[in-house]
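A short write-up of the structure that comes next.
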Amino acid sequence: MPPKRKASDIGSARASKISTPNPATPVSLRSEDNDEYLSGSNNQSDQDYVSGSEQEHINRFKKKTAFSSYSSKAKTNRARPSIFGSKDFSYLSLKPDHDNRPLWIDPSVSAGSKKGPKITLESFSPLAAQAEDFLITVAEPQSRPIYLHEYRLTEHSLYAALSVGLSGQDIIRTLEKLSKTPLPTTVSDFINRHTKSYGKVRLVLRDNRFFVESEEPTIIQMLLKDPVIESCRKEGAEVVQGTLANKAVVISGTSDARGARQTADQPGQNTEAPKEGRETKEDEIMKALRDEDDEEDPSKQTHSFEIGPNTREKVAERCLDIGYPALSEYDYQNDRVNPDLKIDLKPHTQIRSYQEKALSKMFGNGRAKSGIIVLPCGAGKTLVGITAGCTIRKGIIVLCTSAMSVFQWSNEFKKWSDVNSGDVAVFTSGEKEKFRGQTGVIVSTYSMISQTRQRAHDSEEMMKWITSREWGLMILDEVHVVPAAIFRKVAENVRAHCKLGLTATLLREDDKITDLNYIIGPKLYEANWMELADQGHIAKVQCAEVWCPMTIEFYQEYQSLSSRKQALLYIMNPTKFQVCQFLIDYHERRGDKIIVFSDNVFALKQYAEKLKKAYIFGGTGQQERIRILENFQHNDAVNTIFLSKIGDTSLDLPEATCLIQISSHYGSRRQEAQRLGRILRAKRRNDEGFNAFFYSLVSKDTSEMGYSAKRQAFLVDQGYAFKVITQLSGMESLPGLAFKTLEERLELLNHVLLQQETNADIANIEQIDEDLFSGRSGALNSHGKKKALVRRQAGSLADLAGGGQMAYKEQNVSRNKQLKKDRGPQSEYFKKEARARERRRKARQKEQADAAGVD
DNA sequence: TAGAAGGGAA
DNA sequence: CGGACTCCCTTCTA
C-alpha cells in the first residue's frame with residue numbers, strides 16, 4: 001500500500017521548496033529564465049505574498065498545490081501561478097477543518113452551459129466512501145484513478161439525482177458539508193438553475209397513446225406555445241383535465257415502508273446476506289436527506305394533451321432543451337390496465353450489492369424510471385435486467401444486438417426466474433414465437449424491430465403484434481448502439497412504459513451518446529470497476545503496453561509510405577511478432593488461456609498460421625467456429641486462439657485469462673474496454689493473488705502509439721494502470737523464435753508489401769474503370785482534390801527487398817484492364833467492394849440527375 | 001446454403 | 001464536416 005499523501009503534506013512539502021511569486025504581479029516575474037522560480041528564494045515576492053497571517057499563508061499553499069494536482073498539466077514542480085491560468089482559485093478560503101473534508105469543487109461554470117462544475121474527490125479521505133456514494137448519485141464520474149476521482153455535475157446528472165428523491169437544496173447542503181471551501185455561488189446557482197423546473201412535466205403512456213402531462217396549466221400553455229412541441233401535438237387534440245390516479249397508495253409509505261414493499265416484491269433481494277453492506281452509507285445519506293414533503297395531494301388536477309404517433313422522442317428532446325425535462329416514470333404498481341405477468345426470481349437467486357444499488361436507483365421512489373445502468377462486462381447485467389422485470393411484472397421486451405444474445409437472454413430468464421417457459425418467446429429471423437398467455441417476455445434484436453425493408457409474412461405479423469401492445473418494461477442490451485440512426489427508431493416503434501438500457505461502455509467515438517438522455521433516460525448508475533475487482537466480482541487485470549521497436553528494414557519502408565499503407569507495416573512488425581510469440585509461450589506455460597486480437601485479417605492469418613494456432617474471423621464457417629471455441633474451452637492442448645473484430649461483440653467467448661492485442665481499430669475506446677471485458681469474468685479470480693493479463697502490442701515510433709493512448713483513455717479513467725514494457729527478458733533466447741534472421745524478415749516484408757500492392761492495385765483498376773464509365777478523366781473528384789490513380793513504388797521495393805523473388809511486375813493500364821477481365825475467382829471482399837462502389841456511383845449519378853432535373 | 005442487400009463503427 | 005476505409009452484422013431470397 002503506497003503511503004497516503006494528504007493535500008496538506010503536499011502543500012507543506014512544496015512550501016519549503018519552491019519560491020512563491022506574487023500572483024498579482026506575474027508579468028514582472030515572468031523572466032525568460034524559468035529557473036528563477038525553482039532555485040533560490042525570491043524574497044521579494046515572498047514578502048509580497050505573505051500579506052496575512054502565517055496560517056493564511058499555509059492555507060493558500062495547500063489550496064494552490066492541491067488544485068494544481070487537479071489539472072494534469074501541473075505535474076512538475078514548476079508551480080508557477082501562470083500555469084494555473086483561469087484555474088487559480090487561491091481567492092477561495094479553506095475551511096479550518098478542510099483536512100477532514102474530501103471535496104474540491106471547481107467554481108468555474110460557464111453561464112448557460114449544461115456542463116456543470118468539476119468536483120474532485122480525495123479518495124484517501126475517511127469520508128471518501130460516503131462522499132463517493134453521494135457523488136455517483138448527483139454527478140457523473142469522469143475519471144477514477146487511485147487517489148483523486150473526478151466527477152462533474154451536469155444537467156442530466158442533476159435530473160437523475162432529483163429523480164431518486166433528492167432536492168436541489170439537499171444537493172447544495174451536502175456539497176457544502178463535504179467541500180473544503182465554502183460552496184461557490186456559481187455552483188449553487190448552477191444547481192438551482194437546473195433543478196427548479198424538474199418534475200413539472202411528465203410524458204405518460206395511456207391506452208397506447210402518449211400524453212404530455214403537467215399539474216400546472218401555465219406550463220402546458222407554455223409548452224404549446226413552443227413551435228416544436230406544438231407541431232408534435234396530435235391534430236385536434238385538446239388539453240384534457242384529469243386527476244392523478246391513486247397516487248396516495250404510492251406516496252403514503254415512508255422510506256421504510258417503501259423498502260419493505262420493494263423487498264416483498266423481490267424475494268431474491270431479501271435473502272441476500274447482509275455481509276456486503278446492504279445498509280450502505282448512501283442509504284443513510286439518502287434517508288437523512290430525503291424530502292418528506294413530496295406527498296402529493298391525490299386530488300390534484302392534471303392537464304395533458306396528446307402528441308402524435310412517433311413524436312415522443314422529438315418532444316422529449318425539445319422539453320429537455322428548454323429546461324423542462326419530461327419524465328416518464330411508470331407507476332407499475334397501480335397499472336390496472338396491463339395484465340400482470342407471473343414472474344419472480346428463483347429463491348436461490350442472489351443479487352449482489354452493486355446490482356441492488358443500481359436497481360435502487362431505478363425504483364428509487366416506488367416507480368420505475370427509465371434510464372441506463374452501466375456495469376462492466378461479466379458483472380451480471382442480465383440479472384439486473386431480469387430483476388427489474390421481476391419487480392415490474394408486466395410484459396417485458398428485450399432487445400439485443402445479435403441473434404445469439406437473444407437466445408442467451410431467453411435462457412437467462414428461465415435460469416434466474418420462475419417464469420413459465422411458455423411465456424418467454426424469441427423473435428429472430430429464424431424463430432418467431434409468441435407467448436401463449438396474455439402477457440410475457442419477448443426477446444428480439446434491434447434489426448428485427450427496426451427493419452424497414454419488406455418483411456417476410458410471418459415477420460410482418462409478429463411486428464404488428466408487438467407494436468399493437470403496451471409493454472411494461474423494455475430492456476435495451478448494449479444500449480450504446482441505440483443512437484445509430486436505425487436503432488433509435490426502435491424506441492418509437494415499440495411502446496413501453498419504462499426503458500432500461502444496459503451497457504458496459506457508455507461511450508461512442510461520435511457525439512451521439514448524449515442523445516440517449518432523451519431516447520431512453522439519464523444514466524442511473526455506473527459501477528466503479530476497481531471496486532468490483534477488489535470485491536472479487538470481476539477479475540483483477542494487469543494491463544501492459546509492450547513497445548516493440550520496428551526493425552530497420554520495416555521502419556525504412558514505413559517512412560516512405562503513405563499513412564494508409566503504413567498500418568500493415570506496423571502490425572506486421574517482426575519484433576511485434578516475436579513479442580507475441582514470446583508472450584504466448586510464457587502464458588501457455590503458466591496454464592493461461594490466451595486470446596489474441598487482431599483487427600487486420602491479413603495479419604491475423606499470418607500470425608496464426610506462423611504460430612500454428614486456430615483463428616476465427618468473419619469468413620469462418622459456423623461449424624468451424626463452434627469447433628474451435630469448444631476445443632479452446634475444453635481441450636488442454638488448445639490454449640490460444642486468434643480472433644478478428646468478430647470477437648468484440650458477436651462471439652460467445654469462453655473464459656480466457658490472458659489477452660494480447662496486436663492490432664486494433666484506430667482509437668476506439670469502446671473496443672478496448674469491450675476486449676478487456678473478455679477476461680473480467682475469469683473464474684479463477686477468487687484464487688489468492690490471481691491476475692488476468694491484458695497486453696497491448698504497439699510498434700514503437702509509429703502512429704500506432706497515438707491510437708493506443710487514446711484507446712486506453714477509458715480504462716485509465718476506470719482506474720486501470722497501464723505498465724509500459726520495453727524489454728522482455730529472455731525473449732531472444734526463446735527456442736524457435738520467428739524472424740530471427742534478416743532473410744526471414746525481408747521475406748516477410750516482401751510478403752507484406754506484395755499483399756498491399758495487390759490490394760491497392762485492384763482498387764485502382766476499379767477506380768479507373770469507374771472514371772472511364774462516368775466520362776470523367778479521373779483528375780478531380782467532387783472536392784477538387786486529385787484522385788489517386790495508379791501509382792507504384794516498384795523501384796524502392798526491388799532495391800529494398802532483393803526484388804529478384806518478387807512475383808509482381810509492373811503493368812501498364814491497358815494490361816491491367818486485360819487482367820481485370822481475366823481475373824480468376826475474386827475474393828469475397830473485392831466482390832463486395834465492387835458492389836459498394838457501384839452503389840455509390842449510382843447514388844452519385846442519381847443525385848446529379850436530380851440536381852439537373854431541378855435546374 | 002450461399003449470396004444479395006442494407007447497415008454500423010470510427 | 002463528410003467521405004474513404006475495412007471489417008463486421010443481420011435479414012431475406014433463391
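Basis for what follows: all heavy atoms, side chains included, without hydrogens, waters or symmetry-related copies. Each chain gets a letter, A, B and so on, in the order the sequences are listed, and its residues count up from 1.
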Nearest whole angstrom, please: distance from the C1' of C/dC9 to the CG of A/Leu643.
16 Å
Is any NZ, NE, NH1 or NH2 atom of the basic residue among A/Glu624 and A/Arg627 found under 4.0 Å from an Asp or Glu carboxylate oxygen of the other?
yes
Within the structure shown, what part of the strands sits under 4.0 Å from A/Asp599 by heavy-atom distance: base, sugar-phosphate, or nothing?
sugar-phosphate
Nearest-neighbour nucleotide for the A/Met448 side chain, C/dC8, C/dC12, B/dA10 considered:
C/dC12
Phosphate OP1/OP2 of C/dT11 contacted by A/Thr445 side-chain N/O (<4.0 Å):
yes
Rounded to whole Å, please give me the gap between CD1 in A/Ile449 and P in C/dT10.
15 Å
Can a side chain N or O of A/Ser402 be found less than 4.0 Å away from OP1 or OP2 on C/dC9?
no
Closest listed nucleotide, where the reference is the side chain of A/Lys645 and the choices are C/dC7, C/dC9, B/dA10
C/dC7
Would you say A/Arg670 places a side-chain N or O within less than 4.0 Å of OP1 or OP2 belonging to B/dA10?
yes
Over how many whole Å does the gap from A/Leu507 atom CG to B/dG8 atom P extend?
19 Å
Is the shortest distance from a Lys or Arg side-chain nitrogen in A/Lys576 or A/Glu704 to a carboxylate oxygen in the other one below 4.0 Å?
yes
Please give, in whole Å, the distance from C/dC7 C1' to A/Lys605 NZ?
12 Å
Nearest 0.5 Å, what's the CZ-CG distance between A/Phe632 and A/Leu643?
8.0 Å
Using only side-chain N and O atoms of A/Ser429, determine if any of them is under 4.0 Å from OP1 or OP2 of C/dT11.
yes
Which residue pairs pass the salt bridge (Lys or Arg N to Asp or Glu O under 4.0 Å) test when at least one of the two sits in residues 600-618 of chain A, sequence neighbours left out?
A/Glu588-A/Lys613
Send over the distance from A/Phe597 CZ to C/dC7 C1', rounded to a whole Å.
14 Å
Write down the distance between CD (A/Gln671) and C1' (B/dG8), rounded to a whole number of angstrom.
13 Å
Salt bridge (Lys or Arg N to Asp or Glu O under 4.0 Å) partners for A/Arg152, two or more places apart:
none
What is the distance, rounded to the nearest whole Å, between atom CZ of A/Phe714 and atom P of B/dA10?
13 Å
Which part of the nucleic acid, if any, lies within reach of A/Phe617 when heavy atoms closer than 4.0 Å are counted: base, sugar-phosphate only, or nothing?
sugar-phosphate
Nucleotide C/dT10, atom P - distance to CZ of A/Phe407 in whole Å
11 Å
If you compare every side-chain N and O of A/Ser447 against the phosphate oxygens of B/dG7 (OP1, OP2), does one of them come in below 4.0 Å?
no
